[in-house]
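Read the structure below first, then the notes.
To find a chain, count down the sequence lines: A is the first, B the second, and so on, and within it residues start at 1. Everything numeric here is computed off the predicted structure, so don't read it as measured data.
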2 protein chains.
Amino acid sequence: MNISQAGDASDLSPKTIRYYESVGLVRPDRLANGYRDYGSDQIRELVFIRRARHFGFSVDECRQLLMLYRDPGRESREVHSLVGHKLEEMNRHIDELVQMKSILEQMVSACPADEGSECAIIDSLAEPEPVGGVKAAEPVPVADDGQNAREGR
Amino acid sequence: MNISQAGDASDLSPKTIRYYESVGLVRPDRLANGYRDYGSDQIRELVFIRRARHFGFSVDECRQLLMLYRDPGRESREVHSLVGHKLEEMNRHIDELVQMKSILEQMVSACPADEGSECAIIDSLAEPEPVGGVKAAEPVPVADDGQNAREGR
DNA sequence: CCTTGACCTTCCAGTAACTGTAGGGTTTAG
DNA sequence: CTAAACCCTACAGTTACTGGAAGGTCAAGG
């Protein structure tokens, strides 16, 4: 099976499949002419990766899942723990988004949305103090996860 | 005010501030020795940007918000519309995450999490058919937003 | 036999939003 | 006078791809 057939079978672009190979996920055979040759096991692995990516796993996490997938002696609790951590991460991410969303919604509803220049949204973004009923535009240090690391100084 | 003071005042790293300058957001004055010099208006703009970024606006959207912020003749409905679109986007994003999350939760609860190799999570990622009560592991084409563009062929 | 089109290959560049590092100048405190 | 702690620029690396260039291969049609 050549790469575009593999792409059709796994619902990935040939480009993406080559990329996954370049980062060490799926290593196909090569034909005499240098073309990649995929077997059905490899197709299954590509599908596995597409699904895992779809569920929010990073390529690196996919690599780990793939190792577990390939290992007949794996312990299901390893998989469980990996995915459990991912779920916690997703929950934190969702919580943060929902929080941001509701504050934005308050801002939007407080904005007149007319031809005037006065705008509660702009004010909220510019001012540290609550403006027009929008409380805590600064949702206080919500467990800084190291995203805002300061430059070493 | 030099760049690290500006960083303290705006809660951004000097690195990030330089980056924002390099992409055309905030252009400070320069002292005779070449050091950047920030005024209080610029600090306010940096804070404005940090907030907007925190609420999920891209740097490019920050640029637009900043233009509206600076423009005394802006119309609040422009701001309203920009932020409204962002909110819709966030809602779509949250919906998708929540969907993925609940499927992963089903998988996790179906996994024995012991020393055995049998694992519902691995099976769900590998198999196209519903396994162990997990329905629709493939959440059907949910408005493909062009992320999965196929290679031109 | 030759050409055309559709594949295939590799490699390099670009995306977003920074962070890290190198190499070098300046300022300030001891 | 020197060492720390700044400042500057510029380039590389990160993530997960996508796009494009340059060139090889293969099957079909004239």
[Y] backbone acceptor or donor facing [X] side chain under 3.5 Å:
| X | Y | answer |
| --- | --- | --- |
| B/Gln5 | B/Asn2 | yes |
| A/Asp37 | A/Met1 | yes |
| A/Arg77 | B/Ala113 | no |

- For A/Arg27 against A/Glu21, the heavy-atom pair lying closest together: CA-CG, 4.5 Å
- For B/Ser10 against B/Ile43, the heavy-atom pair lying closest together: CB-O, 4.5 Å
- Task: Return the angle between end axes of the helix from C/dC1-D/dG30 to C/dG30-D/dC1, with five pairs used per end and rounding to 10°.
- Result: 30°
Using whole Å, report how far [atom1] of [X] lies from [atom2] of [N].
| X | N | atom1 | atom2 | answer |
| --- | --- | --- | --- | --- |
| B/Ile49 | C/dC18 | CD1 | C1' | 14 Å |
| A/Met1 | C/dC8 | CE | C1' | 16 Å |
| A/Asn2 | D/dG24 | CG | C1' | 15 Å |
| B/Gln5 | C/dT27 | CD | C1' | 13 Å |
| A/Leu31 | D/dG24 | CG | P | 19 Å |
| B/Asp29 | D/dC7 | CG | C1' | 16 Å |
| B/Leu25 | C/dA17 | CG | C1' | 11 Å |
| B/Arg18 | D/dT9 | CZ | P | 7 Å |

Atom pairs, N/O to N/O, protein against nucleotides 11-16 of chain C, distance under 3.5 Å?
none

Would you tabulate the pairs of protein nitrogen or oxygen atoms and nucleotide nitrogen or oxygen atoms of nucleotides 12-14 of chain D closer than 3.5 angstrom?
none

May I ask you to test the [X]-[Y] pair for a side-chain heavy-atom distance under 4.5 Å?
| X | Y | result |
| --- | --- | --- |
| A/Lys101 | B/Asn91 | yes |
| A/Phe55 | A/Arg50 | no |
| A/Leu12 | A/Tyr20 | yes |

Are [X] and [N] close enough that a side-chain N or O sits under 4.0 Å from OP1 or OP2?
| X | N | result |
| --- | --- | --- |
| B/Arg63 | C/dA17 | no |
| B/Ser13 | C/dC18 | no |
| A/Thr16 | D/dT18 | yes |
| A/Arg53 | D/dC17 | yes |
| A/Asn33 | D/dG24 | no |
| B/Ser4 | D/dC7 | yes |

Treat each ILVMFWY residue as a node, draw an edge where side-chain heavy atoms are under 4.5 Å apart, and state whether [X] and [Y] are in one component.
| X | Y | answer |
| --- | --- | --- |
| B/Val23 | B/Leu66 | yes |
| B/Met100 | A/Ile94 | yes |
| A/Leu87 | B/Ile121 | yes |

- Item | Members of residues 35-47 of chain A that approach DNA chain C, where some heavy atom sits under 4.0 Å away | A/Tyr35, A/Arg36
- Any pair with a residue in residues 78-87 of chain B that passes side chain to side chain donor-acceptor pair (under 3.5 Å), sequence neighbours left out, goes on the list, sorted by first then second residue, please. B/Glu61-B/Lys86, B/Lys86-B/Glu89
- Mark yes when over 12 heavy atoms from residues, nucleotides or ligands other than A/Arg70 sit less than 6.0 Å from its CZ; otherwise mark no. yes
- Got more than 12 heavy atoms from elsewhere within 6.0 Å of CD, A/Glu118? no
- Task: Go through the structure and list residues passing side chain to side chain contact (heavy atoms under 4.5 Å, CB included) with A/Arg44, not counting sequence neighbours.
- Result: A/Ser40, A/Asp41, A/Tyr69
- Message: Need one value for A/Phe57: base, sugar-phosphate or nothing, where a base atom within 4.0 Å counts as base even if backbone is also close, heavy atoms only.
- Response: nothing
